[in-house]
Colleague: 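Below is the structure I would like to discuss, written out as structure tokens.
Just follow the structure's listing: the first ligand is 1, and inside any ligand the first atom is 1.
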Amino acid sequence: MTTELQSQAEQLGTVVMGGTFDPIHHGHLRSAVDILDYFQFKSLRLIPCYQPVHKGEPTVSAEQRLHMVQLGITGDPRLTVDAREILRAGPSYSIDTLIELREELGPNEPLIMVVGMDSFLSLPTWGRWQELLDVAHILVISRPGWEPDLISTLAAFYEKHRAESPAELQCAPSGKIWMESFTPLAISSSQVRNLCRKQASIAYLVPETIQRFIEAHSLYK
Ligand code: ATP
């Protein structure tokens with residue numbers, strides 16, 4: 001992960017990672033920290049959705065998922081949480097969130113949406129997906145078990161918009177896609193929920209504070 005990016009001063013740019021976070025786990029958190037270190041961004045915002053558009057209803061309330069994200073980010077002051085989708089309620093369309101952020105940031109600030117490879121592969125099923133690059137860049141991070149086998153529509157979209165280097169995400173406000181591999185952690189929220197259901201340990205998959213919160217509130221039983 002040694003690139004010219006690491007030798008530059010702290011970079012401008014707003015980085016967001018959306019998700020259901022049902023619950024947040026070390027796969028999310030380590031990826032976020034890897035991104036911050038690699039790009040030298042000041043901060044990364046985690047945006048828990050209210051109602052996911054591409055998955056079933058979350059198992060626990062939006063407030064509990066938000067609380068677990070807040071517990072999860074305490075280990076790194078560069079991580080922040082943005083509750084806008086929960087406050088907005090209704091189906092959480094990423095395009096709505098990115099347009100809102102773009103209005104707040106103004107036209108020039110780079111805005112980077114982080115998605116795992118599994119989410120990227122499903123992009124053509126997202127609402128108004130082709131408009132995402134009008135307002136943001138997309139940073140695709142690898143995820144164990146998911147290969148970049150893009151269906152033709154997505155492959156064409158990727159070829160048209162792929163950046164030549166990661167630095168391009170910081171040189172323009174929007175419009176580029178970059179794929180990057182970081183610490184491979186085969187952890188998923190479904191795995192955590194399944195383990196809880198079986199009354200097995202979730203230690204080392206989620207931060208201890210979250211493990212305690214899940215146990216104290218008997219979540220995912
Ligand atoms: P579930 O198992 O319930 O489907 P999940 O583990 O995929 O949940 P989400 O909250 O849906 O978690 O994921 C939010 C974002 O983080 C998505 O873009 C997803 O691809 C990415 N992500 C989740 N887990 C990892 C991981 N272990 N490594 C890299 N990216 C991840």
Colleague: Mind jotting down which protein residues get a heavy-atom contact under 4.0 Å with ligand 1? Chain and number order, please.
Modeller: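 Ligand 1 pocket, heavy atoms under 4.0 Å: G18, G19, T20, F21, H25, G27, H28, S31, K55, V115, G116, D118, S119, I141, S142, R143, L185, I187, S188, S189, S190, R193.
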
Colleague: Counting only heavy atoms not in Y93, do more than 12 sit closer than 6.0 Å to its OH atom?
Modeller: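 No.
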
Colleague: Name all pairs fulfilling the salt bridge (charged side-chain N to carboxylate O under 4.0 Å, His left out) condition that reach into residues 47-56, sequence neighbours left out, sorted by first residue then second.
Modeller: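 Residue pairs with at least one partner in residues 47-56: there are none.
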
Colleague: Would H54 and W126 satisfy side chain to side chain contact (heavy atoms under 4.5 Å, CB included), going step by step from the backbone distance to the final call?
Modeller: CA-CA 8 Å; H54 317 286; W126 294 24; 3.1 Å; yes

Colleague: So R30 and F182, do their side chains get closer than 4.5 Å, heavy atoms only?
Modeller: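 No - every pair of side-chain heavy atoms lies 4.5 Å or more apart.
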
Colleague: If the plane angle is over 60° it's perpendicular, under 30° parallel, otherwise tilted; pick one for F213 and H217.
Modeller: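 Ring orientation of F213 relative to H217: tilted.
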
Colleague: Is any side-chain heavy atom of L154 closer than 4.5 Å to one of F120?
Modeller: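 In short, these two side chains touch, coming nearer than 4.5 Å.
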
